[in-house]
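One structure is given below, encoded as structure tokens.
Throughout, protein chains are lettered first and strands after them, A, B, ... in sequence-line order, and every chain is numbered starting at 1. The model shown is predicted, which means the values in this text are computed figures rather than measured ones.
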Amino acid sequence: MNIVKPSIPKGTRDFTPTEMMRRNYIFDTIRSIFYKHAYLPIETPSMENLSTLMGKYGEEGDRLLFKILNSGDFTQGVNFNDPEMSVNKLATKLCEKGLRYDLTVPFARFVVQHQNELTFPFKRYQMQPVWRADRPQKGRYREFYQCDADIIGSISLINEAELIEITDEIFSAFGIAVVMKINNRKILSGIAEVIGEPEQVTNLCIAMDKLDKIGQEAVCAEMMERGICESAIEKLKPIFEFSGKSNDEKLGLLSNLLADSEIGKKGIEEITTVLDYVKDMDLATELEIDITLARGLNYYTGAIFEVKAKDAAMGSISGGGRYDNLTGIFGLKNMSGVGISYGAERIYDVLNELNLFPAAILNPVKALFINFSAEDERYALSGLRAVRKAGISAEIYPDHVKIGKQMSYANSKSIPFVIMAGENERNNNTYTLKDMTTGEQCELTLDNIIEKLQ
RNA sequence: GCGGUUGUAGCUCAGUUGGUUAGAGUACCGGAUUGUGGUUCCGUGGGUCGUCGGUUCGAAUCCGACCUGCCGCCCCA
């Protein structure tokens, strides 16, 4: 028989019990905060029709979609010799389904499809895996979980403020110091307008986004390459000097720059209002206006968010924004929404790097009953039932093996207590409780043991 | 999708200009200790040297392709 070398696809991972306990801690923490803010859960299928997903994430996004080969004779009616047949065209003929790329687009599809069953404004959270055919790197996987909260059917900026508050609560709960960057697409549109290149918003954003990384000169060079004229770039000068300035100073400079742009002024007004709501919240999170923040997802129309950990080298651990027309593609107009997505794996990596996982989540099992022999086993089992009935997580070693081996099992699983009962204890109607940390042990009644373990 | 880099025991890594039977630490298993783990001592087992092909009398070592991890670009949580 051929032995198959065990392996998993590129960019995917297995999770051990220790890792899952930690992941569940992340999910539980986020879920409880979502609940508190009245977001209710939904789930959608792993796969969507490709027509739902294509064209929503820009050119780059389409390339990163995992496509699923049709079942049955998927070659039927496909002319492979057609010289007009491009890879993309072929893909749409062979695949009608794809794995979801994020949770926002499936959510928009869900909202339109179930519009008559939902009460608006509709608040939902969703914690499910997404898939991207990206090249894996550190903090970058092909399968990863997103934890999304969205509110749709309301244009109020209270919602933006609420998402900022939720973000603050989540990262405070984790003990991660973060900076939350905020921007507004309308400001970016305004900038494009006043420099006389209203059609160039996308190229402007792509170039601006790199200011941090490659510097002003390289950004200007890239803008010219992308067809933005020199006099237009000259007008951008003031915003290259934003770094280090306060949010109020930045808004002041923007007001001057965008004085002649209606949409630009609207963007400033929105961001000002959001910051005003947030003032009363007493946040630990640093909020920073960053007009280089564009984000590739081309459905954003208003606020844009991004969160980075201050003390860890990691890409953004959270991102989101407002989308006015996402449901329009599926036939439902005037349904503005705003949402934010927390990346579970990146939060995991940051917590791990900074050693911020609580020690208590390592192992919920409090005690191991030692299995001496067939006769003692029944006595141990009755003790085990009582302990479990009291709500304490415990187990018995299932086989009659040497005590040393059973002890070492408890040790390697970090089980804090071992409970032993042989002939002596059985006769006295007691159990011997051993504290694995101190090594101390004493003979006690079951009630006393339960009391100690609680 | 483009460029660079990496791979030897479950894990962390040695391995000389290409030369006999590929080593160590750790973990595992067994014993010292048949009612006591974590510390100590002794011993056993464990390898298609990432995969396939090429060069050579001879390849873990040199060459090629592919796979995987990582880094940069692109993009993003």
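Neither side chain, A:Q441 nor A:T432, offers a donor N or O lying under 3.5 Å from an acceptor on the other. Between the side chains of A:R109 and A:N49, not a single donor N or O lies within less than 3.5 Å of an accepting N or O. When only modelled atom types and interatomic distance are considered, A:D148 and A:Q126 share no side-chain donor-acceptor pair under 3.5 Å.
Rounded to a whole angstrom, the distance from the P atom of B:G64 to that of B:U6 is 13 Å. For B:U51 and B:G7, the C1' atoms lie 11 Å apart once the distance is rounded to whole Å. Annotation: B:A9 and B:G47 have their P atoms spaced 11 Å apart (nearest Å). B:C66 and B:U20 have their C1' atoms separated by 33 Å, with the value rounded to a whole Å. Taking atom P on both B:C29 and B:G38, the two are 11 Å apart, rounded to the nearest angstrom. B:C74 and B:A65 have their P atoms separated by 26 Å, given to the nearest Å. For the P atoms, the distance linking B:C70 with B:U33 amounts to 48 Å, nearest Å.
Here A:E306 lies out of heavy-atom contact (under 4.0 Å) with every strand. As judged by a 4.0 angstrom heavy-atom cut-off over every strand, A:G61 is placed among residues making no nucleic acid contact. A:T437 comes within 4.0 angstrom of a base, heavy atoms only. Using a 4.0 Å heavy-atom cutoff across all strands shown, A:K434 reaches at least one base atom of the nucleic acid. The residue A:E440 sits apart from the nucleic acid: no heavy atom pair falls under 4.0 Å.
If A:M420 and A:G320 are placed on RNA chain B by their nearest nucleotide, the residue sitting closer to the 5' end is A:M420.
When the C1' atom of B:U36 is taken as reference, atom CG of A:D435 falls 13 Å away, rounded to whole Å. As a whole-Å value, the separation of A:R142 CZ from B:G1 C1' is 11 Å. Atoms CD1 (A:I304) and P (B:A77) sit 12 Å apart, rounded to a whole Å. Taking atom CE of A:M407 as the reference point, atom C1' of B:U33 lies 13 Å away to the nearest angstrom. The distance from atom CD of A:E443 to atom C1' of B:U36 is 15 Å, rounded to the nearest whole Å. Rounded to whole angstrom, the span from the CD atom of A:E423 across to the P atom of B:U34 amounts to 19 Å. Spacing between atom NZ of A:K405 and atom P of B:C28 amounts to 9 Å, rounded to whole angstrom units. The distance from atom CG of A:L433 to atom C1' of B:G35 is 15 Å, rounded to the nearest whole Å.
Within residues 368-377 of chain A, the residues having any heavy atom closer than 4.0 Å to RNA chain B are, in order of number, A:F372. Near RNA chain B, meaning a heavy atom under 4.0 Å from it, residues 396-404 of chain A has A:K402, A:I403, A:G404 in order of number. A heavy atom lying under 4.0 Å from RNA chain B marks the following residues of residues 310-318 of chain A, by number: A:S316, A:I317, A:S318.
One finds no salt bridge joining A:R346 and A:D349 here, because no Lys/Arg side-chain nitrogen approaches an Asp/Glu carboxylate oxygen to under 4.0 Å. Using a cut-off of 4.0 Å between Lys/Arg side-chain N and Asp/Glu carboxylate O, A:K413 and A:E395 are scored as salt-bridged. Using a cut-off of 4.0 Å between Lys/Arg side-chain N and Asp/Glu carboxylate O, A:E143 and A:R13 are scored as not salt-bridged.
Taking the side chain as every heavy atom from C-beta outward, A:K56 and A:Y101 never approach each other to under 4.5 Å. The side-chain heavy atoms of A:F372 and A:E423, taken from C-beta on, include no pair separated by under 4.5 Å. Taking the side chain as every heavy atom from C-beta outward, A:P41 and A:F34 never approach each other to under 4.5 Å. Counting heavy atoms from C-beta outward, A:Y300 and A:R322 have side chains that stay 4.5 Å or more apart. Considering only heavy atoms from C-beta on, A:I347 comes within 4.5 Å of A:F174 through its side chain. The shortest distance between side-chain heavy atoms of A:R140 and A:E345 does not fall below 4.5 Å. Using a 4.5 Å heavy-atom cutoff, the side chains of A:K123 and A:E162 are in contact.
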For nucleotides 69-72 of chain B, list the nitrogen or oxygen atoms of the protein found under 3.5 Å from its nitrogen or oxygen atoms, one pair per line.
from	atom 1	to	atom 2	distance (Å)
B:G69	OP1	A:G11	N	2.9
B:C71	OP2	A:K138	N	2.4
B:G72	OP2	A:Q137	OE1	3.3
B:G72	N7	A:Q137	NE2	3.4

Each nucleotide N or O in nucleotides 5-13 of chain B that has a protein N or O under 3.5 Å away: list the pair and distance.
none

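For A:E306, the salt bridge (charged side-chain N to carboxylate O under 4.0 Å, His left out) partners at least two apart in sequence or on another chain are A:R295. Under the ring pair (Phe, Tyr, Trp, His ring centres under 6.0 Å) criterion, A:Y379 pairs with A:Y431, sequence neighbours left out. Contacts of A:E19 classified as side chain to side chain donor-acceptor pair (under 3.5 Å), with partners at least two apart in sequence or in another chain: A:T16. By the salt bridge (charged side-chain N to carboxylate O under 4.0 Å, His left out) test, A:E270 is found to be paired with A:K186, A:K266, residues two or more places apart in sequence or in another chain being considered. Scanning for salt bridge (charged side-chain N to carboxylate O under 4.0 Å, His left out) contacts around A:D376 gives A:R426, with sequence neighbours left out. Taking A:N24 as the reference, nothing meets the side chain to side chain donor-acceptor pair (under 3.5 Å) condition, with sequence neighbours excluded.
With a cut-off of 3.5 Å on both pairing distances, the Watson-Crick and G-U wobble pairs of RNA chain B assemble into stems of 3 or more at B:1-5 with B:69-73, B:10-13 with B:23-26, B:29-32 with B:40-43, B:50-54 with B:62-66.
With hydrogens and angles left out, the side chain of A:Q441 and the base of B:G37 share no donor-acceptor pair within 3.5 Å. A donor N or O paired with an acceptor N or O is found under 3.5 Å between the base of B:G37 and the side-chain atoms of A:N411. Under 3.5 Å, the side chain of A:Q406 and the base of B:U36 form no donor-acceptor pair of N or O atoms.
A donor-acceptor pair is defined here as one N or O able to donate and one able to accept, closer than 3.5 Å; no such pair exists between the side chain of A:Q113 and the backbone of A:F110.
The distance between the ring centers of A:F27 and A:Y348 does not fall below 6.0 angstrom.
Of the side-chain N and O atoms in A:K308, none sit less than 4.0 angstrom from OP1 or OP2 of B:A77.
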